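First up is the structure itself, then whatever we jot down about it.
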Amino acid sequence: MEQFKNYINGEWVPAISGKTFLNYNPANLEDVIGEFALSDKEDVEKAVEVAKAAFEKWRLVPAPRRGEIMRKVGDIFTRRKKELARIMTREMGKPTFETEGDVQEAIDTAYYAASETRRLFGATVPSEMENKVNLAFRVPVGVVGVITAWNFPIAVPSWKILPAVAAGNTVIFKPSKDAPHSGVIFAEIMEEAGIPKGVFNVLLGKGSMGDHIVSHPDVRVIGFTGSTEVGRHIAEVCGKNNKKVSLEMGGKNGQIVMDDANLDLAVDGALWGAFGTTGQRCTATSRIIAHKDIYDKFIEMLKVRTEKLKIGSGLEAGIDMGPVIHRASQENCERIVKIALEEGGRLITGGHKMTQGDYAKGCFFEPTIIADVKVNDTLFNEEVFGPVLSITKAESFEHALELLNHSEYGLSGAIYTKDVNRAWTAAREIQTGLCYINAPTIGAEANMPFGGVKGTGNGQREGGWTAFDIFTEWKTVYFDYSDKLQRAQIDNH
Ligand code: UN1
């Protein structure tokens with residue numbers, strides 16, 4: 001069986017304890033991907049020590065030169081895109097056209113980070129005194145801990161790792177235990193691009209190891225994508241230790257379909273938003289809020305299209321939707337469907353685990369639609385992270401907005417309408433970090449701020465120029481060339 005190691009200080013090393021764990025293909029649990037280093041506290045200590053030492057040199061490398069490495073990272077991802085997509089699909093399930101998109105997002109992020117190293121603008125500001133100039137510029141923070149989920153195993157890590165490294169920080173990356181091979185790939189690519197020893201390190205392992213990264217006093221920033229429960233815990237630990245932290249957590253994203261919408265387009269959007277990535281995106285569409293005048297028609301149109309989706313291993317050609325990530329997730333989909341029906345939901349299609357023939361070997365769940373879901377029902381409120389979509393009837397535009405905003409989360413929201421006034425009103429009123437007009441709730445681009453309000457995040461934004469706010473601090477410099485003592489707030493008043 002293939003063995004996969006940690007990447008620390010430019011070396012491939014087993015966990016200090018020698019322990020390992022296995023990872024499986026969710027489309028076929030008989031397919032074992034490999035044996036991975038199971039890191040623990042000692043491995044974290046070693047990685048932080050080297051990352052801390054490497055920071056002292058890396059922070060002094062001119063940013064545009066750091067950017068040259070980012071550009072090479074983009075070139076290597078481009079060269080390996082198709083090959084990597086198959087590796088990623090094997091370990092996390094989504095079809096290869098999607099994993100290719102995942103790699104493309106990292107390519108876009110790499111080139112963006114490279115170009116940003118020639119900007120990283122600061123400010124010069126007039127001083128209130130003579131012969132004095134005030135400046136503010138960005139400086140790297142130190143060692144950054146990156147902890148991510150498995151659903152975007154290359155793209156989401158790239159959103160954090162590449163701006164962090166480009167800005168002059170050093171990184172310890174803990175990929176998800178369900179996508180460790182992608183973490184290994186990230187290290188291979190950084191190594192080939194010429195990243196200096198210790199600047200980028202990968203520790204494979206489980207959640208308890210992530211805890212040691214979060215609580216280590218020399219890790220100064222945490223970038224996290226994952227569950228709300230874990231994110232809240234991380235925020236507490238970081239709060240106690242005065243660490244910067246960026247959290248990207250749950251979502252319960254809604255798509256409004258108004259009576260004047262282009263219904264074919266709205267169906268396309270719902271289908272892709274709800275069942276793309278098997279509903280396992282933090283941005284996935286999990287609630288449709290449809291105006292009463294098109295409610296029945298929309299449900300019928302969506303049902304017909306949903307039943308045509310081809311389900312199977314994402315490694316096969318022509319597959320629209322792969323498995324969910326593991327058995328527990330399959331059970332969870334089954335549980336939530338049962339509750340939704342008990343609470344009065346109407347099953348339109350799907351609703352079951354797929355257990356016939358080859359499906360039995362994997363973790364497949366039918367694309368599921370449940371209509372007549374009410375505002376206080378469990379399915380309307382609980383994040384599923386699977387292919388289970390609810391549909392709720394809205395009496396009016398105002399009611400649709402009210403329903404959409406009825407959520408503890410606030411990541412993404414969408415509206416389909418041809419009415420420009422309603423579209424702009426919705427863009428203002430929808431309480432989410434991402435808002436789409438006539439487009440699905442998924443599909444963020446690498447050069448724009450990404451993140452959510454309410455229970456989804458903690459006010460930070462990854463993506464685009466805003467990612468650099470997470471991974472830098474402002475340094476204010478007062479440069480006095482008057483050759484005399486000038487007292488602020490006193491001498492000029
Ligand atoms: C995620 O699900 O964690 O906007 C990220 C999108 C993708 C990123 C999703 N570009 O759906």
Side-chain angles (χ1 to χ4, degrees), residues 6 8-9 15-16 38-59 136-149 156-157 159-177 183 198-250 450-462 466-476:
N6 289 332
I8 305 177
N9 211 19
I16 292 169
L38 181 64
S39 316
D40 210 334
K41 193 170 181 200
E42 315 84 75
D43 306 284
V44 172
E45 270 160 13
K46 178 76 196 148
V48 175
E49 187 189 312
V50 303
K52 199 180 168 195
F55 175 65
E56 290 310 318
K57 287 192 188 152
W58 185 241
R59 70 185 173 86
F137 48 85
R138 292 178 185 274
V139 290
V141 193
V143 180
V144 174
V146 170
I147 299 175
T148 53
V156 169
W159 292 356
K160 305 173 204 291
I161 294 164
L162 302 179
V165 169
N169 302 281
T170 55
V171 169
I172 317 280
F173 171 37
K174 179 205 165 291
S176 162
K177 69 169 177 25
V199 171
F200 178 67
N201 307 277
V202 175
L203 293 178
L204 308 174
K206 302 197 174 172
S208 53
M209 184 268 287
D211 250 343
H212 294 301
I213 297 178
V214 173
S215 59
H216 196 298
D218 289 332
V219 177
R220 298 311 309 153
V221 189
I222 298 293
F224 170 78
T225 296
S227 74
T228 301
E229 191 193 345
V230 174
R232 286 219 171 104
H233 164 72
I234 290 177
E236 274 174 32
V237 177
C238 291
K240 279 189 194 134
N241 294 284
N242 296 324
K243 293 188 189 199
K244 293 191 83 176
V245 57
S246 167
L247 302 172
E248 213 274 283
M249 304 177 286
F450 182 96
V453 300
K454 301 200 274 187
T456 297
N458 66 332
Q460 302 290 342
R461 291 290 181 275
E462 306 187 305
T466 43
F468 291 87
D469 295 337
I470 305 167
F471 302 114
T472 57
E473 303 248 37
W474 284 101
K475 168 76 70 72
T476 303

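We count residues from 1, following the sequence as given. Not measured: the values here are computed from a predicted model. Because only heavy atoms are used, hydrogens play no part in the values below, and waters and symmetry mates are left out as well, while side chains stay in.
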Step-by-step side-chain contact (heavy atoms from CB on, under 4.5 Å) determination, Ile161 to Phe200: CA-CA 8 Å; Ile161 294 164; Phe200 178 67; 3.6 Å; yes
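Rounded to the nearest 0.5 angstrom, Ile470 CD1 and Trp159 CH2 are separated by 10.5 Å. For the atom pair CG of Asn241 and CD1 of Ile222, the computed distance is 10.0 Å after rounding to the nearest 0.5 Å. To the nearest 0.5 Å, the span separating CD1 on Ile213 from CG on Asp218 amounts to 13.5 Å. Atom CD1 of Ile172 and atom CE of Met209 lie 10.0 Å apart (nearest 0.5 Å). Here Lys243 contributes atom NZ and Lys240 contributes atom NZ; the two are 12.5 Å apart, rounded to the nearest 0.5 Å. For the atom pair CG of Asn201 and CD1 of Ile8, the computed distance is 6.5 Å after rounding to the nearest 0.5 Å.
The side-chain hydrogen bond (donor to acceptor under 3.5 Å, both in side chains) test applied to Glu462 returns Lys160, not counting sequence neighbours. In this structure Glu45 satisfies the side chain to side chain contact (heavy atoms under 4.5 Å, CB included) test together with Lys41, His216, sequence neighbours excluded. Residues that satisfy the side-chain hydrogen bond (donor to acceptor under 3.5 Å, both in side chains) test with Asn9, not counting sequence neighbours, are absent from this structure. Under the side-chain hydrogen bond (donor to acceptor under 3.5 Å, both in side chains) criterion, Asp211 pairs with His233, not counting sequence neighbours. Taking the side-chain hydrogen bond (donor to acceptor under 3.5 Å, both in side chains) definition, one finds that Glu56 meets it with Arg59, sequence neighbours left out. Residues satisfying the side chain to side chain contact (heavy atoms under 4.5 Å, CB included) test with Thr170, not counting sequence neighbours, are Ala51, Ala54, Phe55, Trp58, Val143, Val199.
For the side-chain contact (heavy atoms from CB on, under 4.5 Å) test with Val245, the passing option among Val237, Ile234, Val214 is Ile234; the others fail. Paired with Asp469 under the rule side-chain hydrogen bond (donor to acceptor under 3.5 Å, both in side chains), one option of Lys244, Arg138, Arg461 passes, and it is Arg138.
With Ser39 contributing its side chain and Leu204 its backbone, the two residues share a donor-acceptor pair below 3.5 Å. Without hydrogens or angle criteria, Thr228 side chain to Gly250 main chain gives a donor-acceptor distance under 3.5 Å. In terms of modelled atom types and a separation under 3.5 Å, the side chain of Asn458 and the main chain of Leu247 share a donor-acceptor contact. Remark: the backbone N or O of Asp43 is not paired with any side-chain donor or acceptor of Asn6 at under 3.5 angstrom.
Considering all non-hydrogen atoms of both residues, Ala164 and Val171 come closest at CB-CG2, 3.9 Å. Nearest approach of Pro175 to Phe173, heavy atoms of both residues: CD-O, 3.4 Å. Scanning all heavy atoms of the two residues, the minimum distance from Gly210 to Ile147 falls at O-CD1, 3.8 Å. Between Gly183 and Val202, the closest heavy-atom pair is O-CG2, 3.7 Å. Smallest separation of non-hydrogen atoms from Ala167 and Thr472: CB-CG2, 3.8 Å. In this structure, Leu38 and Ala15 approach most closely via the heavy-atom pair O-CB, 3.3 Å.
For the pair Thr456 and Glu248, the minimum side-chain heavy-atom distance is below 4.5 Å. Contact of the Leu203 side chain with the Val44 side chain is registered, since non-hydrogen atoms from C-beta on lie closer than 4.5 Å.
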